[in-house]
Amino acid sequence: NYDIADIPLEKLCGPGYALDLTFVCDERKETDMKVTEDRWERFSVSGPQILPSDIEEWEKRNNVHIEENDIVFLYTRNEVPNIPIVPEKTAKYLVRKRKIKMIGTNDETIVYGALGHEYFHNKKIPVVEMLTNLEKLGTQRAYIVALGLRIKGIGGSPGRIIAYVDKIIGEEEEKKE
C-alpha cells in the first residue's frame, strides 16, 4: 500500500510548472468526449483525455521543456461533466519519458482517469488534487513545496502547496484597481 507517511521529502518539493491545458477542452471535438474504460463510470464525466501530445503542445506553445524530476501541475477547465481526464497512457508518458516526481491538478482530473490514477499510485508518484491559483503561475518555472500531513496508514491527506515564483500573473492588474 502507498502510505503518505512514507513519501520522501525530496518527492514533495522541487522545480516544476503549472501547465495551462484549458485548450484541451476548447479544441477537442464533441465526438472525442466519450466515456471510456479508463474512467470511473460512477462519476459520469465525459470530458476529453489529456494526451502526451497535449503536454508537448503546451511546451511548444510556451517554449519550455519539462525536465527530469520536475513537478507538473495541470490546469484544466473544471466544468462538470466535461472534465478532462489523465488516462493511463499519459500517466506512463509523464513517469517513464519525463520522469516527473509529483503530479497535481486544479480538479479531480487524475482521479476520474482511474487507470492513470492507479498507475501514478503504483509508481509512488504523489498526486495532488483541487489546487487553486494555478493560472497565476503562468508559464514560469516555480519552486514547489507540498505540505501534507504525515499520517501513518493512509494514502492521502489535506495539505497546502506553496509555489515560489518571480512574478504572480494578474497581480499588476489587481494593484491598479
Side-chain angles (χ1 to χ4, degrees), residues 1-21 24-25 35-43 45 47-60 62 64-78 83-132 134 137 139 141-164:
N1 252 350
Y2 189 47
D3 194 318
I4 194 165
D6 296 332
I7 299 173
L9 183 58
E10 58 269 8
K11 280 261 199 179
L12 300 174
C13 57
Y17 291 101
L19 285 61
D20 181 349
L21 298 179
V24 172
C25 282
V35 174
T36 69
E37 70 281 351
D38 190 22
R39 197 182 299 269
W40 283 333
E41 300 286 340
R42 65 185 169 146
F43 290 121
V45 294
Q49 294 185 35
I50 296 171
L51 303 172
S53 59
D54 298 323
I55 308 293
E56 293 166 355
E57 176 65 23
W58 179 85
E59 288 177 313
K60 183 179 174 185
N62 296 290
V64 296
H65 180 72
I66 297 167
E67 298 176 18
E68 186 173 330
N69 287 316
D70 268 356
I71 294 169
V72 172
F73 292 155
L74 309 175
Y75 174 67
T76 64
R77 296 251 187 267
N78 191 359
I83 296 175
I85 67 160
V86 177
E88 184 177 31
K89 64 183 164 189
T90 304
K92 286 179 176 179
Y93 169 81
L94 287 167
V95 173
R96 292 178 182 171
K97 298 267 191 230
R98 295 314 183 89
K99 300 180 182 352
I100 66 165
K101 65 178 175 180
M102 181 167 48
I103 183 84
T105 184
N106 63 308
D107 51 32
E108 295 170 298
T109 296
I110 298 166
V111 170
Y112 291 138
L115 298 178
H117 185 268
E118 186 177 312
Y119 185 82
F120 286 126
H121 184 80
N122 290 338
K123 295 299 181 181
K124 300 191 179 335
I125 301 295
V127 174
V128 185
E129 299 159 339
M130 307 307 287
L131 297 168
T132 59
L134 292 179
L137 300 179
T139 60
R141 193 163 175 78
Y143 188 83
I144 299 164
V145 179
L147 305 169
L149 303 175
R150 284 191 75 208
I151 302 172
K152 193 79 176 147
I154 63 171
S157 85
R160 300 284 296 208
I161 304 297
I162 299 169
Y164 296 96

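Given the structure is predicted, the values throughout are model-derived calculations rather than measurements.
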Sub-4.5 Å side-chain heavy-atom contact between Ile103 and Leu74: yes

From CD1 (Ile4) to NZ (Lys152), nearest 0.5 Å: 11.5 Å

Donor-acceptor contact present, side-chain Lys101 to main-chain Cys13, <3.5 Å: yes

Considering all heavy atoms, the nearest Tyr17-His65 contact: CE1-O, 3.8 Å

Whether Thr90 side chain and Ile50 backbone form a donor-acceptor pair below 3.5 Å: yes

Straight-line distance of Thr105 OG1 to Ile85 CD1, nearest 0.5 Å: 12.0 Å

Contacts of Asp20 that satisfy salt bridge (Lys or Arg N to Asp or Glu O under 4.0 Å) - sequence neighbours left out: none

Flag side-chain contact, heavy atom, 4.5 Å: Phe73 against Ile161: yes

Heavy-atom side-chain proximity of Val86 to Phe120 below 4.5 angstrom: yes

Backbone N/O of Pro52 and side chain of Lys97: donor-acceptor pair under 3.5 Å: no

Check: Trp58 and Thr139 side chains under 4.5 Å, non-hydrogen atoms: yes

Nearest heavy atoms of Lys11 and Ile125, plus distance in Å: NZ-CD1, 3.6 Å

Interatomic distance, Glu57 atom CD to Asn62 atom CG [nearest 0.5 angstrom]: 9.0 Å

Closest non-hydrogen atom pair, Ala163 against Ala142: CB-CB, 4.2 Å

Check: Leu51 main-chain N/O paired with Asp54 side-chain donor or acceptor under 3.5 Å: yes

Test applied, salt bridge (Lys or Arg N to Asp or Glu O under 4.0 Å); reference residue, Asp70; option that passes from Arg98, Arg141, Lys99: Arg141

Donor-acceptor under 3.5 Å (Thr76 side chain, Leu21 main chain): no

Side-chain (Glu59) to main-chain (Ile66) donor-acceptor, under 3.5 angstrom: yes

Polar side-chain atom of Asp3 near backbone of Ala5 as donor-acceptor pair, under 3.5 Å: yes

Point-to-point distance, once rounded to the nearest 0.5 Å, from NZ of Lys123 to NZ of Lys92: 9.0 Å

Minimum side-chain heavy-atom gap Val145-Tyr164 below 4.5 Å: yes

Student check: side-chain heavy atoms of Val24 and Gln49 closer than 4.5 Å: no

